[in-house]
Amino acid sequence: MFKQITIIGFGLIGSSIARAVIEHKLADSIICVDQSKDTCNKVLSLGLADDATTDPALGVPGSDLVILCVPVGAMATIADQIADHLEEGAIITDVGSVKESVIAALQPRLPAAVHIVPAHPIAGTEFSGPEHGFAELFINRWCIVTPLQQTELKAIERVTKLWEAFGSKVEIMKAEQHDLVLGITSHLPHLIAFSIVGTATDLEDDIKSEVIKYSASGFRDFTRLASSDPTMWRDIMIHNKDAVLEMLQRFNEDLSALQKAIRKGDQDYLYNYFTDTRDVRQKIIEVGQADYVYPDES
């Protein structure tokens, strides 16, 4: 499918992509680019790339596909580093959880002779590092592609076919819509998880130790979300702040209503509210999205 693929950022998502490319024979060669020399050496020892470098400028020549698997806050820096070294006609894509800011970072910095096709695989675990990747990570998971208006159809089709080859279900969506949807389905839940776990850490030492010891499934699941990469989530909150703040405002309004109902002992309100939210869970189960651990999120 591709002559040479460069993957910049070899964490969980980048290494899983490399494994999937190898398993499905989708490229003649893979180039690893990572800021950590140790990671580069690990990638080579695992057989996930044919060559590796810490310098993005050295990693992209000759590649007809470049996949950016770095935090969204690093996109502009990477774009500046690779812009003068990209092959004419190369496709540049990414796996970021925010799309409008990625487009704003890449579009003015990359040459007009390349094709920008932003994407977001909704897949991952709380683990990071090339040793934790696996080729099956993307099977039956959504990958949302948010092409620019001027992006050539052929480039969009090639990226779409790549993710379909990985086993993903692909949806084409506007970047603005993507960021709003992910604001409620991923970004807000993580923000709440960070907040709840943060509240627990502020408890007195004796209470905190018991909270940890007797963690029930609810708190335990929150700690899984809150264990996600802090750099990535810092960038997501900053770069999708409008959508996150809008969803947070709506959440606060609902939370205030629940607080009032609990204070007043409004049993009917609480019962109806919990019934409605249970119905949402049932719908998630019906579409096959309940049996998966989401990222924290390439």
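For this chain, numbers begin at 1 and follow the sequence in order.
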For this session: Supply the atom-to-atom distance K174 NZ to Q149 CD, rounded to the nearest 0.5 angstrom.
Result: 8.5 Å
Seminar exercise, completed: In short, L12 meets H132 closest at the heavy-atom pair CD1-O, 3.3 Å
For this session: Spell out, yes or no, whether V33 and L44 are grouped together once hydrophobic residues are joined by side-chain heavy atoms under 4.5 Å, including indirect joins.
Result: no
For this session: Would you check if the side chain of T54 reaches a backbone N or O of K37 as a donor-acceptor pair within less than 3.5 Å?
Result: no
Exercise. If you draw a 6.0 Å radius around CD in E253, do more than 12 non-hydrogen atoms from other residues or ligands fall strictly inside?
Worked result: yes
For this session: Examine L188 and L258 and state if one hydrophobic cluster contains both, with Ile, Leu, Val, Met, Phe, Trp and Tyr joined whenever side-chain heavy atoms are less than 4.5 Å apart.
Result: no
Exercise. Do P189 and T185 have side chains that get closer than 4.5 Å, going by heavy atoms?
Worked result: no
For this session: For the pair T160 (side chain) and I156 (backbone), establish whether a donor and an acceptor sit closer than 3.5 Å, ignoring hydrogens and angles.
Result: yes
Exercise. Between N240 and I236, is there a donor-acceptor pair closer than 3.5 Å when you use the side chain of the first and the backbone of the second?
Worked result: no
Exercise. Which value, rounded to the nearest 0.5 Å, describes the distance between E23 atom CD and S16 atom OG?
Worked result: 11.0 Å
Exercise. Counting N and O atoms only, with roles assigned by atom type, does the side chain of S15 sit under 3.5 Å from a partner on the main chain of G11, one being a donor and the other an acceptor?
Worked result: yes
For this session: Check for a donor-acceptor pair, side chain of D51 on one end and backbone N or O of C32 on the other, with a separation under 3.5 Å.
Result: no
Problem set entry | Flag side-chain contact, heavy atom, 4.5 Å: P118 against L148 | yes
Problem set entry | Shared hydrophobic cluster for Y273 and I192 (ILVMFWY, side-chain gaps under 4.5 Å) | no
Exercise. Counting only heavy atoms not in I238, do more than 12 sit closer than 6.0 Å to its CD1 atom?
Worked result: no
For this session: Run the numbers on F251 and M247 for side chain to side chain contact (heavy atoms under 4.5 Å, CB included), then give the verdict.
Result: CA-CA 6 Å; F251 173 75; M247 292 302 110; over 6 Å; no
Problem set entry | Smallest separation among heavy atoms of A165 and L26, with atom names | CB-CD1, 3.8 Å
Seminar exercise, completed: Taken to the nearest 0.5 Å, the spacing of C143 SG from E171 CD works out to 10.5 Å
Exercise. Donor-acceptor pair, T53 side chain versus D55 backbone, under 3.5 Å?
Worked result: yes
For this session: Taking D34 for its side chain and F10 for its backbone only, find out whether a donor-acceptor pair lies under 3.5 Å.
Result: yes
Seminar exercise, completed: When every non-hydrogen atom of D50 is compared with those of S29, the smallest separation belongs to OD2-CA, 3.1 Å
Problem set entry | Within-4.5 Å side-chain heavy-atom neighbours: F2 and L162 | yes
Problem set entry | Connected via hydrophobic side-chain network under 4.5 Å: L191 and L255 | yes
Exercise. How far apart are the closest heavy atoms of P130 and L48, and which atoms are they?
Worked result: O-CD1, 4.2 Å
Exercise. Run the side chain to side chain contact (heavy atoms under 4.5 Å, CB included) check on V117 and V145 step by step: do they pass?
Worked result: CA-CA 7 Å; V117 187; V145 178; 3.7 Å; yes
Problem set entry | Sub-4.5 Å side-chain heavy-atom contact between M1 and K161 | yes
Problem set entry | W142 and H120 aromatic centres sub-6.0 Å | no
Exercise. Is the shortest side-chain N to carboxylate O distance from R250 to E246 below 4.0 Å?
Worked result: yes
Exercise. Side chains of S97 and H187: closer than 4.5 Å at any heavy-atom pair?
Worked result: yes
For this session: Apply side chain to side chain contact (heavy atoms under 4.5 Å, CB included) to the pair I103 and I116, showing each step before the final yes or no.
Result: CA-CA 8 Å; I103 292 171; I116 302 173; 5.6 Å; no
In residues 57-85, what donor-acceptor pairs under 3.5 Å come from side-chain atoms, sequence neighbours left out?
| from | atom 1 | to | atom 2 | distance (Å) |
| --- | --- | --- | --- | --- |
| S63 | OG | Q4 | NE2 | 2.8 |
| S63 | OG | T6 | OG1 | 2.6 |
| D64 | OD1 | K3 | N | 3.3 |
| D64 | OD1 | Q4 | N | 3.0 |
| D64 | OD2 | K3 | N | 2.9 |
| D80 | OD1 | R109 | NE | 3.4 |

For this session: Taking all non-hydrogen atoms of both residues into account, name the closest pair between L180 and A243 and its distance.
Result: CA-CB, 4.1 Å
For this session: Measure the spacing between CD1 of I7 and CD1 of I30 and express it to the nearest 0.5 Å.
Result: 5.5 Å
Exercise. Should L46 and F134 be regarded as members of a common hydrophobic cluster, given that ILVMFWY residues are connected when their side-chain heavy atoms come within less than 4.5 Å of each other, either directly or indirectly?
Worked result: yes
Exercise. Taking atom NE2 of H190 and atom OG of S195, what is their separation to the nearest 0.5 Å?
Worked result: 14.0 Å
Exercise. How many angstroms lie between atom CD1 of I92 and atom CD of E87, to the nearest 0.5 angstrom?
Worked result: 10.0 Å
Problem set entry | Distance-minimising heavy-atom pair for L86 and P111 | CD1-CD, 4.2 Å
Problem set entry | ring pair (Phe, Tyr, Trp, His ring centres under 6.0 Å) partners of residues 153-176, not counting sequence neighbours, each pair once | F138-W163, F138-F166, W163-F166
Exercise. Taking it one step at a time, do R19 and L137 satisfy side chain to side chain contact (heavy atoms under 4.5 Å, CB included)?
Worked result: CA-CA 10 Å; R19 285 179 165 89; L137 179 64; over 6 Å; no
Exercise. What do you reckon, is CD of E88 surrounded by more than 12 foreign heavy atoms closer than 6.0 Å?
Worked result: no
Exercise. Backbone N or O of E100 within a donor-acceptor pair of the D179 side chain at under 3.5 Å?
Worked result: yes
